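Please read the structure below before turning to the comments.
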Protein chains: 2
Amino acid sequence: MDMIDFLERGDEYFIPNLSIDLVIIGYRDKKLRCLLLKLGEKWMLPGGYIRRSESVDEASARIMKERTSLENPYLRFLSVFGKHDRQFREEWKEFFETNGQPWKPEYWINNRFVTLAYYSLVNIATTHPAVGELDEAFTWADFDELPAMWMDHATIIASVRERLKEDIKHEQVTYNLLPGQFTMPELHQLHQTILKEDIDRSRFQKKMLSTGLFERLPRLQKEAPGRNPYLYRVKG
Amino acid sequence: MDMIDFLERGDEYFIPNLSIDLVIIGYRDKKLRCLLLKLGEKWMLPGGYIRRSESVDEASARIMKERTSLENPYLRFLSVFGKHDRQFREEWKEFFETNGQPWKPEYWINNRFVTLAYYSLVNIATTHPAVGELDEAFTWADFDELPAMWMDHATIIASVRERLKEDIKHEQVTYNLLPGQFTMPELHQLHQTILKEDIDRSRFQKKMLSTGLFERLPRLQKEAPGRNPYLYRVKG
DNA sequence: TCAAAAGTGTTCCTGTTACACCCATGT
DNA sequence: ACATGGGTGTAACAGGAACACTTTTGA
């Protein structure tokens, strides 16, 4: 056992950069959507880095707040993306050159990154995205019709969609995607959009109400032809 | 938007070291056990670092193989441990000094670490742990009577136990902890140990067999008083 | 009074739970 | 034969799936 030897060959091991990417999920016009930022010709997920004073979870919450101003969003860890070739030299070079900016191979952003992906469920109507220093615009992109994405961000988005399907089997989280008051048909439609399959209305409603999570408000009046649905909100 | 500015304040962000820790779980004498390595006066989880050529998952598999010689173990990601004060200056200093080795504050192992914890389910009888360069011994420690642990490794172990409880509700993974041939009473006892609660024998057996994962071998002969149980193995 | 959309009820089926009972074997 | 421990069966119950029915309201 030679501890000094162990310590001095520390750089035999690569210390990858560590980033955080956020998949901020919303729902509008019967479509699941994802907040994307425009960087040059392609789009990317909002993200950032960890500061000295922060835990990893705190960093994700800060980045979330910087981007959306939301204080206590539904925010969960998704998974680690850490393939050995996960570095973006060519992507950055292309971007810099098309923008007439100098690019240097030694920029730290060219190194390999391991990223911790988080996902958040938000109500689009009350979320006001801020664009950052590099990105020019934002969009709530339809999950099923994503634009060209930088790096491996399309892969991350694909995996969050599968995770969502698993989540709603076990726990009630989807109301985070809706306004404070919503109807059962709306919640029903949302679940069908997430699962991409038809759900029996009767069973769905009974299942939702049996959780005891929701409370019924007076029935909506005169909004649409036919019988109008009750409004619900989350208890507490 | 000033990209140069963005690039040059890269070190405003801390780049934490990234490590991997393995919780290698076994089962012996009706107790769930965890492979620990002795380092000085306390114990720690086996772990390591990521190499340039490796994805994060490949690194965990390599470390697993280095420690146990197992080629295709059941190995899954647990979670990220990344609290802001997750650095082990004092721990390392104490260890070095009690071992009469020089300790320097600038050693890379003193910096903050974010660790990716993985867990693995193995059969203790066919797993032959190797001790590394620093550690002096190994043990299969009872989950419910852990020795003093370095750093936050006790926290990691606590969280893997909860994960296991969740896992066995959804999928059949526990046979990884048993020899290639096992009896239903053994599997039953194992599940009770993991869940820390009694499970109805009849229901348990029917549930296991209804998965279609197991095939029955000839009944065990003359091993113990009373009727002897059938042996099963995983199909395939 | 009919169509449209919401909401409720009925039946069938499956899987869970708790418990009773039957089988094999050593003492 | 009986105690011990493995293995199987059954009745009560809860939850899921499919579908039929009722309610509300505008045209």
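Please read all numbers here as calculations on a predicted model, not as lab measurements. Keep in mind that the numbers below use all heavy atoms, side chains included, and drop hydrogens, waters and symmetry copies. In the text below, chain A, chain B and the rest are named by the order of the sequence lines, each starting its count at 1.
The interatomic distance linking B:Met184 (CE) with D:dT8 (P) rounds to 10 Å, in whole Å. Residue A:Asp200 contributes atom CG, which lies 15 Å from atom P of D:dC21 at whole-angstrom precision. One can place CZ of B:Arg201 at 11 Å from C1' of C:dA20, the figure rounded to the nearest angstrom. We find that CZ of B:Arg203 is positioned 8 Å from P of C:dT16, with the value rounded to whole Å.
For the residue pair B:Asp57 and B:Tyr118, a side-chain donor N or O sits within less than 3.5 Å of a side-chain acceptor on the partner.
Counting distance only, with no hydrogens placed and no angle test, the side-chain atoms of B:Lys207 and the base atoms of C:dT14 include no donor-acceptor pair under 3.5 Å. For B:Ser210 and C:dG15, a side-chain-to-base donor-acceptor distance below 3.5 Å is absent, hydrogens and geometry of angles not being considered. Side-chain N/O atoms of A:Arg227 and base N/O atoms of D:dT23 include a donor-acceptor pair closer than 3.5 Å. Remark: the B:Arg219 side chain and the D:dG6 base include no donor-acceptor N/O pair separated by less than 3.5 Å.
Phosphate proximity of D:dG6 to B:Gln205: absent, as no side-chain N or O sits under 4.0 Å from OP1 or OP2.
Exactly one residue among B:Tyr230, B:Tyr232, B:Phe182 makes a ring pair (Phe, Tyr, Trp, His ring centres under 6.0 Å) with B:Phe214. That residue is B:Phe182.
Salt-bridge annotation for B:Glu166 and B:Arg163: absent, with no side-chain N of the basic residue lying under 4.0 Å from a carboxylate O of the acidic one. Comment: B:Arg86 engages B:Asp152 in a salt bridge, judged by a side-chain N to carboxylate O separation of less than 4.0 angstrom.
Summary of the strand contacts: B:Leu209 and A:Lys206 both lie near DNA chain D, and taking for each the nucleotide with the nearest heavy atom, the more 5' one is attributed to B:Leu209.
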